[in-house]
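Keep in mind that this is a model prediction, so the values were computed, not measured.
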Amino acid sequence: MTDEFGMVEPQEGEAFGDEWEEIDVSDDEADRIARRKDRDFDEFRMRLKDADQFKVEQSVFDDATFAAIYKLVQDGYIDAFGGPISTGKEANVFEALGGDDSDVAVKIYRINASDFRHMRDYLEGDPRFENIGHDKGQVVRAWVRKEFANLERAQRAGVRVPKPIAVQRNVLVMELVGVVDDRARRLSEVRVENPQTAYEVVREYMRRLHRAGLVHGDLSEYNLIIHEGELVVIDLGQAVTVHHPNAEEFLRRDCRNVANFFRRQGADADGDSLFEFVTADESEDE
């Protein structure tokens, strides 16, 4: 394998097992701030709602969302907001300046606009959310905390993902890969040089995810980006544990999507062979 598309290394630490951290989706400090509505928060909320990049979103950002941003600013994770990076059906992503003067991405899920039923399909069966309720706000908050936890686990496993930084209610702060003027490109937008090498990196990342107990669940050329010669896996909100009742179905779909894309690019790729590679025991490694 050439130096192009080099892989990151797994982090040192205990081996992965079936352990899963409990994820609390009850009211947090942002909810308490929104209920309290003291003068400092009200001034912050109005200042943010008057900002050009947030004006169009006032109808979908509730007070608790503004409180979550307020708490992240208080805690030093966000110093200043920039412009929007992307606007999706369920979330908006903004460029921001982090507390250490680094560029960060702030992903804000819109509780009133999120696809509740779609999210439940991926949450139900995940051992971290066995007692999740049917309240829409709680489901969206669970989804965001799930994405944060999935990013942490993927990073420890040696999968190149945006580094997770902080989470508060329905707001996720993570590493900004690229900048607005030079944004990272999805594989769907580029012609991949050395497609065989790129495919081997992606399939190794899929295997590392699986051995860390995760299946991406929506992996394709639209959730793989390239920036400065580096392949990055994104959008892990829907990733499920290998114990999820639909985990195998999701993984086989990921394998078909990835193999089909790279085969079109000229790589020797096959969905069934990819599935066997990803699920192989470590004792079967060459």
Side-chain angles (χ1 to χ4, degrees), residues 5-9 11 30 44 48 51-54 56-57 60-61 65-66 68-110 114 140 143-190 198 201-202 205 209 216 218-239:
F5 304 124
M7 288 182 286
V8 299
E9 293 299 321
Q11 295 181 7
F44 175 87
L48 202 62
D52 289 339
Q53 66 265 46
F54 288 102
V56 71
E57 300 298 341
V60 292
F61 286 175
T65 297
F66 288 115
I69 300 170
Y70 177 72
K71 184 68 166 60
L72 290 163
V73 170
Q74 281 189 322
D75 291 345
Y77 294 113
I78 301 172
D79 269 0
F81 266 94
I85 298 173
S86 65
T87 302
K89 291 184 296 183
E90 296 178 342
N92 287 11
V93 182
F94 297 88
E95 183 183 29
L97 183 67
D100 58 356
D101 290 333
S102 63
D103 291 325
V104 298
V106 181
K107 188 173 187 178
I108 303 175
Y109 279 90
R110 296 173 291 174
S114 294
V140 175
W143 184 270
V144 180
R145 290 189 176 276
K146 176 173 177 270
E147 183 167 5
F148 183 84
N150 289 343
L151 287 169
E152 284 190 318
R153 180 164 283 244
Q155 184 179 39
R156 293 199 305 271
V159 179
R160 180 63 175 100
V161 295
K163 178 184 176 182
I165 297 172
V167 63
Q168 185 69 230
R169 198 175 181 268
N170 57 317
V171 182
L172 172 65
V173 183
M174 56 189 165
E175 171 194 5
L176 176 61
V177 181
V179 295
V180 172
D181 293 334
D182 183 25
R183 69 176 179 86
R185 300 287 175 177
R186 298 176 189 269
L187 288 192
S188 61
E189 300 175 304
V190 301
V201 171
V202 173
Y205 281 168
L209 269 181
H216 187 284
D218 191 29
L219 193 60
S220 71
E221 64 269 28
Y222 300 99
N223 289 320
L224 291 162
I225 62 176
I226 182 170
H227 184 66
E228 297 182 347
E230 196 171 43
L231 284 164
V232 185
V233 182
I234 63 170
D235 294 338
L236 271 78
Q238 76 291 317

Of all heavy-atom pairs linking Pro164 and Gln155, the shortest is CD-OE1, 3.7 Å
Tightest non-hydrogen contact, residues Asn170 and Ala68, listed as OD1-CB, 4.5 Å
With a 4.0 Å cut-off, would you call Glu221 and Arg186 a salt bridge?
no
Less than 4.5 Å apart, any side-chain heavy atom of Val233 and any of Asn223?
no
For the side chain of Lys163 and the backbone of Met174, is there at least one donor-acceptor N/O pair under 3.5 Å apart?
no
Step-by-step side-chain contact (heavy atoms from CB on, under 4.5 Å) determination, Ile78 to Leu97:
CA-CA 6 Å; Ile78 301 172; Leu97 183 67; over 6 Å; no
Non-hydrogen side-chain atoms of Tyr77 and Val73 separated by less than 4.5 Å:
no
Could you check whether any side-chain heavy atom of Val232 comes within less than 4.5 Å of a side-chain heavy atom of Ile226, counting everything from C-beta outward?
no
Tyr109 and Glu147 side chains, donor-acceptor separation under 3.5 Å
yes
Compare all side-chain heavy atoms of Ile165 with those of Val104 and state whether any distance is below 4.5 angstrom.
yes
Measuring only between side-chain heavy atoms, which start at C-beta, is Leu187 closer than 4.5 Å to Ile225?
no
Is it true that, when you exclude Phe44 itself, more than 12 heavy atoms of the residues, nucleotides or ligands shown sit nearer than 6.0 Å to its CZ?
yes
Validation row: Val93, Pro84 side chains within 4.5 angstrom (heavy atoms):
no
Run the numbers on Ile108 and Ile69 for side-chain contact (heavy atoms from CB on, under 4.5 Å), then give the verdict.
CA-CA 9 Å; Ile108 303 175; Ile69 300 170; 3.8 Å; yes
How close do Ala198 and Leu231 get, counting heavy atoms only, and between which atoms?
O-CD1, 3.7 Å
Leu151 and Leu172: CA distance, side-chain angles, deciding distance, side-chain contact (heavy atoms from CB on, under 4.5 Å) verdict
CA-CA 11 Å; Leu151 287 169; Leu172 172 65; 4.2 Å; yes
Residue pair Ile85 / Phe94, side-chain heavy-atom distance below 4.5 Å:
no
Taking all heavy atoms of Tyr222 and all of Ile234, pick out the closest pair and write down the distance.
O-CD1, 4.3 Å
Taking all heavy atoms of Leu236 and all of Val161, pick out the closest pair and write down the distance.
CD1-CG1, 4.2 Å
Is Arg160 salt-bridged to Glu175, going by a charged N under 4.0 Å from an acidic O?
yes
Under the 3.5 angstrom rule, does the side chain of Gln238 hit a backbone N or O of His216 as a donor-acceptor pair?
yes
Might you point out which heavy atoms bring Ala239 and Lys146 nearest each other, and give the distance in Å?
O-NZ, 2.7 Å
Check whether any side-chain heavy atom of Val106 sits under 4.5 Å from a side-chain heavy atom of Val171, and report yes or no.
yes
What's the separation between atom CG in Leu219 and atom CG in Asp235, rounded to the nearest 0.5 Å?
10.0 Å
